[in-house]
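Here the structure is a predicted model, which is why all the values come from computation and not from measurement.
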Amino acid sequence: MMNDKKMLISTMLIVLLTVTNAYAERIKDITTLAGVRDNPLIGYGLVVGLDGTGDKTTQAPFTAQSFKSMLNKLGVAIPEGSNFQLKNVAAVTIHGNLPAFAKPGQKIDITVASIANSKSLRGGSLLMAPLKGVDGNIYAIAQGELVVGGFGTEGRDGSKVTINIPSSGRIPNGAIVERAVSNAFTSSDHLIFNLNRADFTTARRIAENINEMLGPDIARAMDASSVRVTAPMDMDQRVSYMSLLENITVNPGEAPARVVINSRTGTIVVGKHVTVAASAVTHGSLTVTVTESNEVSQPNAFGEGQTVVVPETEEVTVTQENNKMFELRGSTTLDEIVRAVNEVGAAPGDLMAILEALKQAGALEADLIVI
């Protein structure tokens, strides 16, 4: 009997732990490590090999200038005053992100987009172009064959068909990293986790869970969005330490009560903790209908007037809906709010007006956000 009781208690503990962690999130999913981030890169280059869909150099002279400069660097002398009509060359911008910890020799994906009047980059090849960071230093070199998802064609009569966007494309692994970027992960005696959504409760729980596992005073919540954790300086130990930290589970604090209204689409999202103080609401609409017709005014045969069309109002009616007043009891839950609105049959536009009026009256216990 005693063994059965112990087994039952163990089973209950397992179930309780499972239920407790059902809504837990890993630290790696709700935070980012300070100083460890992507770095945007940008560059300028030429795409060649296009099938007559390149830039019109008379309207985009910088394409011809870039082409001449490239040929000069390759040892090709260009006579002064030469004009190029390059139908298979396009000037493009190149951009991509340099991941954290990327090392020289690794490859990254890049996006190429036309900046002049090229109709399509399909079939083009990007010539070697440097990619620079915000500090002006070169961090990668881009080159390769474009993958363009768009397609376009046109007839001689001006008709055309375009699918997606043919003036931009991507080059998977199209840039080789030439320089690494240092970050705080390797140079500081501590780690700082920044919450994706600032919340005092979540920050406190992260610090408590880390201290519970690793010891007191290891982690400290700095504010609602940052938690500071002491870390070893040895890199091998630090990587293992980080692997342990990012897999610790935390129950995030619940979001504040909010009502979000999208005025363009009529979408309304009501949060879980939204409540309404005791209030009575009625909402009706006034409709004015004006019916008009056109009458022809014809002068007599010997008159010098002209025949004109004269609008004439036939009927003006005013209709007002007699909507009943409905009551919202104090501390109304989300289910009760939805039920009351459904019973009244309010449209999204009417519900927006009701919620805004409740907020102005001080009855809506939530932040009203209009986007």
Side-chain angles (χ1 to χ4, degrees), residues 1-39 97 99-103 180-258 260 269-275 331 333-335 365-367 369:
M1 178 65 72
M2 185 62 67
N3 292 334
D4 292 341
K5 288 184 177 179
K6 289 182 178 179
M7 185 178 297
L8 179 61
I9 292 174
S10 300
T11 304
M12 291 177 63
L13 287 174
I14 293 174
V15 173
L16 287 174
L17 289 173
T18 303
V19 173
T20 302
N21 294 329
Y23 299 101
E25 299 285 349
R26 297 178 301 175
I27 290 180
K28 69 189 299 182
D29 297 325
I30 59 176
T31 66
T32 57
L33 191 60
V36 178
R37 62 179 182 87
D38 292 349
N39 293 274
N97 288 320
F101 308 115
K103 300 299 188 294
V181 178
S182 60
N183 54 64
F185 182 79
T186 59
S187 59
S188 178
D189 62 348
H190 62 271
L191 303 173
I192 296 180
F193 291 92
N194 294 326
L195 276 68
N196 298 334
R197 179 176 64 85
D199 185 88
F200 286 106
T201 302
T202 305
R204 177 181 61 84
R205 290 177 180 175
I206 290 176
E208 289 177 351
N209 287 15
I210 293 176
N211 291 332
E212 183 179 352
M213 176 174 288
L214 301 178
D217 301 328
I218 295 296
R220 180 172 60 87
M222 302 172 62
D223 49 39
S225 62
S226 300
V227 178
R228 186 180 187 274
V229 184
T230 303
M233 290 300 297
D234 181 75
M235 283 299 102
D236 184 48
Q237 295 179 5
R238 178 167 291 207
V239 171
S240 301
Y241 187 72
M242 182 61 194
S243 175
L244 176 66
L245 289 175
E246 67 181 6
N247 286 289
I248 296 176
T249 57
V250 178
N251 292 318
E254 295 183 344
R258 287 176 180 170
V260 181
V269 178
V270 182
K272 175 182 177 182
H273 295 284
V274 174
T275 59
S331 300
T333 63
L334 176 59
D335 292 338
E365 301 296 335
D367 294 332
I369 302 175

Can you tell me how far the CG atom of Asn196 sits from the OG1 atom of Thr31, to the nearest 0.5 Å?
-> 6.5 Å

I would like to know whether Val250 and Glu25 meet side chain to side chain contact (heavy atoms under 4.5 Å, CB included); could you show each step before the answer?
-> CA-CA 5 Å; Val250 178; Glu25 299 285 349; 5.9 Å; no

CZ/Phe101: more than 12 non-hydrogen atoms of other groups inside 6.0 Å = yes

Between Arg238 and Phe185, is there a donor-acceptor pair closer than 3.5 Å when you use the side chain of the first and the backbone of the second?
-> yes

What one should report as the nearest heavy-atom pair of Ala224 and Leu195 is O-CD2, 3.8 Å

Side chain to side chain contact (heavy atoms under 4.5 Å, CB included) with Met213: which of Leu245, Ile248, Ile218?
-> Ile248

Check Ala203 against Val227 and note the closest heavy-atom contact, atom names and distance.
-> O-CG2, 3.7 Å

Leu214 and Thr230: side chain to side chain contact (heavy atoms under 4.5 Å, CB included), yes or no, with the steps?
-> CA-CA 10 Å; Leu214 301 178; Thr230 303; over 6 Å; no

Over 12 non-hydrogen atoms of neighbours within 6.0 angstrom of CD in Glu212 | no

Shortest non-hydrogen contact from Leu33 toward Ile192 | CD1-O, 3.5 Å

Reported CZ-to-CD1 distance for the pair Phe193 and Ile210, which is rounded to 0.5 angstrom | 6.0 Å

When you look at CG of Asp217, are more than 12 heavy atoms from neighbouring residues, nucleotides or ligands closer to it than 6.0 Å?
-> no

Beyond-backbone contact of Asp189 with Met233, side-chain heavy atoms, under 4.5 angstrom = yes

Using a 4.5 Å cut-off on heavy atoms from C-beta on, say whether the side chain of Ile206 contacts that of Val229.
-> no

Does Gly253 offer a backbone N or O that forms a donor-acceptor pair with the side chain of Thr202 under 3.5 Å?
-> yes

What closest approach, in Å, do Arg205 and Asn251 show between heavy atoms, and which atom pair accounts for it?
-> NH1-O, 2.7 Å

Distance-minimising heavy-atom pair for Asn209 and Thr249 = ND2-O, 2.8 Å

Considering all heavy atoms, the nearest Asp38-Pro99 contact | OD1-CA, 3.3 Å

With no hydrogens and no angle check, is any side-chain donor or acceptor of Asn183 less than 3.5 Å from a backbone partner on Val36?
-> no

Pairwise distance CE(Met222) to CZ(Arg228) - rounded to 0.5 angstrom = 7.0 Å

